[in-house]
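To keep things clear, I will list the structure first and then write my remarks on it.
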Amino acid sequence: MHTDIHLMGNPGANEKILSYNDVVLRQSDMDILSGPYFLNDQIIEFYFSYLSSCYPAQEILLVPPSIAFWIMNCSAVESLKDFVEPLHLPDKKLVIFPVNDNEDVCKAEAGSHWSLLAFERNANVFVHHDSNRGINDWHARRLYKAVVGYIGASDSASTASYLECTDSPQQVNGYDCGLYVTAIAKAICSWHNSGEDKEGDGMWFSSVKEQVTPSSVAEMRSEILSLIRSLIGHEVKPAPLQNEGMKD
């Protein structure tokens, strides 16, 4: 569940600290990672963008939270088609969506729980991983129904099934659901990039169980914080202005 965080007392909360690909992170995002708080869209989008850089294969797509939310809530079929087609879903072998339970399209970041929906082409299945006893199942099915018709180039796309992973790793507190999404996404991408047989029924389930534990998930906060700090250190800084009138 969602643990509220109040950062308005921090005068520097809106200070931009990093631009990474298309994601802008602010001091408030660092504050969220520094404490036991519910992850916001920006942090998940940043980490998905980072994973995309680590696994740059054209066959993998990690969908940003805002896009996944829009797909799930778009009521105009024609608008959805125009929006989804640039994602080139039929070309992807692995597609990962973050799922949020926000039902108010007029209110940003209003949800209280994150889960993950992943499509695997060889098995032709969408798998829902929920770290809180499947409470996002309705929202994940809604996203599945919205996108399933666009996942393939032929009529066979509509046969892709939906699977609720009842053995998915479970959170042990009320605020780490977003971290479970990042950890599971990382494990699935690693599995896809490995030499493991992609034709079997096991898929990535054993990899997720081995790699996603309460302790490893707890470490994800520090891992993402350290990653952001390292990227800040590597950002190109403008050269200092030279005052030609000054002499040594």
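One-based numbering along the sequence shown. All values below come from the heavy atoms of this structure, side chains included, with hydrogens, waters and symmetry mates left out.
- S49 pairs by the side chain to side chain contact (heavy atoms under 4.5 Å, CB included) definition with Y20, N21, V23, not counting sequence neighbours.
- For F46 against I224, the heavy-atom pair with the smallest separation is CE2-CG2, 4.0 Å.
- Put simply, the side chain of W138 reaches to within 4.5 Å of the side chain of E103, judged on heavy atoms.
- Residues meeting the side-chain hydrogen bond (donor to acceptor under 3.5 Å, both in side chains) test with T166, sequence neighbours left out: none.
- Counting heavy atoms from C-beta outward, W114 and D101 have side chains that stay 4.5 Å or more apart.
- Every residue meeting the side-chain hydrogen bond (donor to acceptor under 3.5 Å, both in side chains) condition with E223, not counting sequence neighbours, appears here in chain and number order: Y47, K186.
- Aromatic ring pairs are classed by plane angle as parallel below 30°, tilted from 30° to 60° and perpendicular above 60°; the pair Y144 and Y162 is tilted.
- Evaluated for a side-chain hydrogen bond (donor to acceptor under 3.5 Å, both in side chains) with H113, the options D130, N102, N132 yield exactly one hit, D130.
- With respect to W204, the side-chain hydrogen bond (donor to acceptor under 3.5 Å, both in side chains) criterion is satisfied by exactly one of H129, E120, H192: H129.
- Here K93 pairs with E59 under the salt bridge (Lys or Arg N to Asp or Glu O under 4.0 Å) rule; sequence neighbours left out.
- Partners of H139 by side-chain hydrogen bond (donor to acceptor under 3.5 Å, both in side chains), not counting sequence neighbours: none found.
- Under the rule for a salt bridge (Lys or Arg N to Asp or Glu O under 4.0 Å), the partners of R141 that lie at least two apart in sequence or sit in another chain are D137.
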